[in-house]
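Naming convention: chains lettered A, B, ... in sequence-line order (proteins, then strands); numbering from 1 in each chain.
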Amino acid sequence: MSKEKPSIPKGTRDFGPAVVAKRNYIFGVIRSTFQKFGYLPLETPAMEQLSVLTGKYGDEGDQLIFKILNSGDFLSKTKPEDIDQGSKHLTRKISEKALRYDLTVPFARYVVMNRNEITFPFKRYQIQPVWRADRPQKGRYREFYQCDADVVGTNSLLCEAEIVQMIDEVLTTLELKDFTIKINHRGVLAGIAEAIGEKGREGDICVAIDKLDKVGQEGVRKELLERGISEEAVNKLEPLYDLTGDNEHKLEQLQAILGETAEGQRGLNDLRQVWQYLTQLGSYALSTQNPSGEPRLMLDVTLARGLSYYTGCIFEVKVNNVSMGSISGGGRYDNLTGMFGLPGVSGVGFSFGVDRIYDVLEELELFPSSSQLSTKVLIVQFDKESEVYSLPLLQKLRDAGIASELYPEAAKLKKQMSYADQKNIPFVLLIGSEEIKSGKLKLRDMQTGEQDELYIDDIIAQLKA
RNA sequence: GUGGUUGUAGCUCAGUAGGUUAGAGCACCAGAUUGUGAUUCUGGGGGUCGUGGGUUCGAGCCCCAUCUUCCACCCCA
């Protein structure tokens with residue numbers, strides 16, 4: 001027999017009963033919100049064809065995809081010279097499947113495969129784990145759950161507005177008070193690049209600007225120059241870092257700077273339209289302010305997002321004053337299904353990171369105690385006679401919809417009581433010879449320590465209340 | 001993927017320039033209390049010091065490798 005200590009792979013976790021209960025609380029809030037907005041559930045396989053995934057997330061992303069070794073003799077199709085051609089070439093020979101990296105690409109694949117059955121616009125949500133071969137850190141795991149909501153088959157910016165609404169509703173329901181929904185537009189980024197005379201360079205510009213709050217204006221300036229952006233362009237760019245005033249004022253300032261560029265104008269028009277929808281919806285995200293006085297929804301021209309398939313509005317959500325990266329992100333992609341041979345279907349979607357939300361709620365101690373309750377009443381037994389007497393009562397309690405259990409053996413009272421205590425069971429029902437004689441059972445409230453003698457029907461009535 | 005960091009009982013950590021049988025608090029188990037948990041008192045179990053090599057008369061402590069943790073970069077939920 002091996003004495004090897006068991007372990008689980010890096011970046012993965014087990015979830016015990018208490019943790020699962022809390023996670024289910026988050027899943028429940030997200031799921032019911034998605035459904036309230038008309039999204040329908042979808043599930044896809046954990047593994048996809050490797051070719052479906054590669055090339056969708058950029059070179060960086062491709063490296064983070066977990067590949068699955070072909071079953072059987074995975075070397076059967078390879079020749080010695082394949083090894084010489086490098087790992088990229090060899091990978092295709094020995095691996096045809098991979099674990100899904102996100103939920104958006106599998107969704108696009110599903111839409112293309114089922115285009116004839118789907119009624120557009122198609123709104124779906126999906127809550128499943130994804131896998132990334134990333135280096136784990138806090139809030140960063142190799143296996144984690146995403147909760148996606150996407151809609152394809154419409155260009156309407158109402159979808160973007162509703163995404164803001166859903167984010168606001170979910171986080172508010174989870175009792176979060178201080179969070180910022182950042183919004184930007186790829187068109188605005190492209191327009192800025194063009195307006196400062198570096199057309200097409202928005203990629204480099206974004207990567208650098210994204211670090212503004214980390215390395216400061218000087219650091220960004222240095223990086224921009226290193227990336228080959230001209231000094232003149234950088235000078236033109238810098239006023240954009242601290243656009244002042246409310247969101248409308250920011251839009252006006254941007255209009256003046258990049259109104260001449262077609263892409264910039266497209267972005268600004270889209271953003272204005274989103275704001276108009278939100279205003280007409282009476283959005284709480286617009287009317288609610290964070291404790292800092294900042295608005296919840298914020299136009300942020302430094303928001304970039306690396307995923308290469310985004311083309312329109314982009315979102316990112318940050319809970320303020322906690323040590324955690326973004327807990328949600330998304331955007332519009334005009335041509336995701338085009339990669340699978342179905343052009344002209346625009347989609348927009350976003351994703352909640354449950355694992356990060358969990359860590360945030362834990363840090364802020366925002367889990368309600370109700371999310372941890374399981375059994376409502378435990379029947380304590382003394383001997384065989386009391387066990388026999390208790391069984392029909394146990395069934396009666398369960399028939400009444402009360403989560404109940406009978407301690408499965410006549411262990412010492414102390415043991416049975418501390419079982420209830422540790423399992424956080426709020427009531428204990430003591431049934432011994434005295435109680436059997438009188439029919440009046442002892443119901444103990446474990447929080448107050450008070451004990452009442454009641455008939456079973458009164459107990460059921462009290463526990464159901 | 002690059003650079004760094006961490007790892008001692010179930011948990012949080014001590015462990016002094018390498019020196020005999022590795023400690024504490026909490027948790028756990030048992031008893032005081034044979035019909036009552038969370039409080040009190042008494043006693044008890046539990047660690048080949050992440051793992052594998054190496055240096056040494058001798059390693060928890062030094063060296064190498066590896067796994068894990070966390071951090072920065074990269075990227076992101």
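The cationic group of A/R13 lies under 6.0 Å from the six-membered ring centre of A/Y141 and within 45° of the ring axis, placing it in a cation-pi geometry. Taking the centre and axis of the six-membered ring of A/F107, the NZ or CZ atom of A/R124 falls inside the cone set by 45° and 6.0 Å. With a 6.0 Å cutoff to the six-membered ring centre and a 45° limit on the axis angle, A/R23 counts as a cation-pi contact of A/F15. For the pair A/R296 and A/F179, the cation-pi criterion (under 6.0 Å, within 45° of the ring axis) is fulfilled. Judged by the 6.0 Å distance and 45° axis criteria, A/R132 is not positioned over the aromatic ring of A/F144.
Contact annotation for A/S7: no contact, since no heavy-atom pair falls under 4.0 Å across all strands. At the heavy-atom level, A/E143 lies nowhere under 4.0 Å from the strands shown. Within 4.0 Å of A/L430, counting heavy atoms only, lies at least one base atom of the nucleic acid. No contact: A/G61 has no heavy atom under 4.0 Å from any strand. Note on A/G330: nothing from the nucleic acid sits closer than 4.0 angstrom, heavy atoms only. Using a 4.0 Å heavy-atom distance criterion, A/G58 is classed as making no nucleic acid contact. If you check every strand for non-hydrogen atoms under 4.0 Å, A/Y141 touches a base.
The separation between A/Y419 atom OH and B/C29 atom P is 14 Å, rounded to whole Å. To the nearest angstrom, C1' of B/G1 lies 12 Å from CZ of A/R140. Computed from coordinates, the A/E435 CD to B/G35 C1' distance equals 8 Å when rounded to whole Å. At whole-Å resolution of the value, CD in A/E450 and P in B/G37 are 17 Å apart. The distance from atom CD of A/Q451 to atom P of B/G37 is 11 Å, rounded to the nearest whole Å. Atom CG in A/L64 sits about 14 Å away from atom C1' in B/C73, given to the nearest Å. The distance between atom OH of A/Y310 and atom C1' of B/A77, rounded to the nearest whole Å, is 10 Å. Taking atom CD of A/Q422 as the reference point, atom C1' of B/C26 lies 14 Å away to the nearest angstrom.
A residue-by-residue look at A/I431 and A/V354 shows that A/I431 has its nearest nucleotide of RNA chain B further toward the 5' end. When each of A/M417 and A/G325 is assigned the nucleotide of RNA chain B bearing its nearest heavy atom, the one mapping closer to the 5' terminus is A/M417.
A distance of 6.0 Å or more separates the ring centres of A/Y145 and A/F352.
You won't find any donor-acceptor pair under 3.5 Å spanning the side chain of A/Q447 and the base of B/G37, going by distance alone. With hydrogens and angles left out, the side chain of A/Q416 and the base of B/U36 share no donor-acceptor pair within 3.5 Å. Residue side chain A/R135 reaches the base of B/U2 through a donor-acceptor N/O pair under 3.5 Å, judged by distance alone. With hydrogens and angles ignored, no donor-acceptor pair closer than 3.5 Å exists between the side chain of A/R132 and the base of B/C76.
Between B/U8 and B/C73, the two C1' atoms lie 32 Å apart (nearest whole Å). Look at the P atom in both B/A22 and B/A59: the space between them is 13 Å, to the nearest Å. Comparing the P positions of B/G19 and B/U39 gives an interatomic distance of 39 Å, to the nearest angstrom. Taking atom C1' on both B/C67 and B/U5, the two are 15 Å apart, rounded to the nearest angstrom. When the C1' atom is used for both B/G52 and B/G7, the distance is 15 Å, rounded to whole Å. When the P atom is used for both B/U51 and B/A9, the distance is 10 Å, rounded to whole Å. Spacing between B/U20 and B/G1 at atom P, rounded to whole Å, works out to 42 Å. Nucleotides B/G44 and B/G60 place their C1' atoms 26 Å apart, quoted to the nearest Å.
Here A/K412 reaches the OP1 or OP2 of B/G31: one of its side-chain N or O atoms lies under 4.0 Å away. For B/A72, one of the phosphate oxygens OP1 or OP2 lies less than 4.0 angstrom from a side-chain nitrogen or oxygen of A/Q137. Contact between the side-chain N/O atoms of A/K414 and the OP1/OP2 oxygens of B/U36 is not found at any separation under 4.0 Å.
With hydrogens and angles ignored, the 3.5 Å screen pairs a side-chain donor or acceptor of A/R356 with a backbone N or O of A/S326.
Heavy-atom contacts from other residues, nucleotides or ligands closer than 6.0 Å to NZ of A/K440 number 12 or fewer.
Remark: B/A30 base-pairs with B/U42. Criterion, Watson-Crick or G-U wobble with two distances under 3.5 Å. B/A77 is unpaired under the Watson-Crick or G-U wobble criterion, no partner having all donor-acceptor distances under 3.5 Å. The partner of B/U66, taking Watson-Crick or G-U wobble pairs whose two distances both stay under 3.5 Å, is B/G50.
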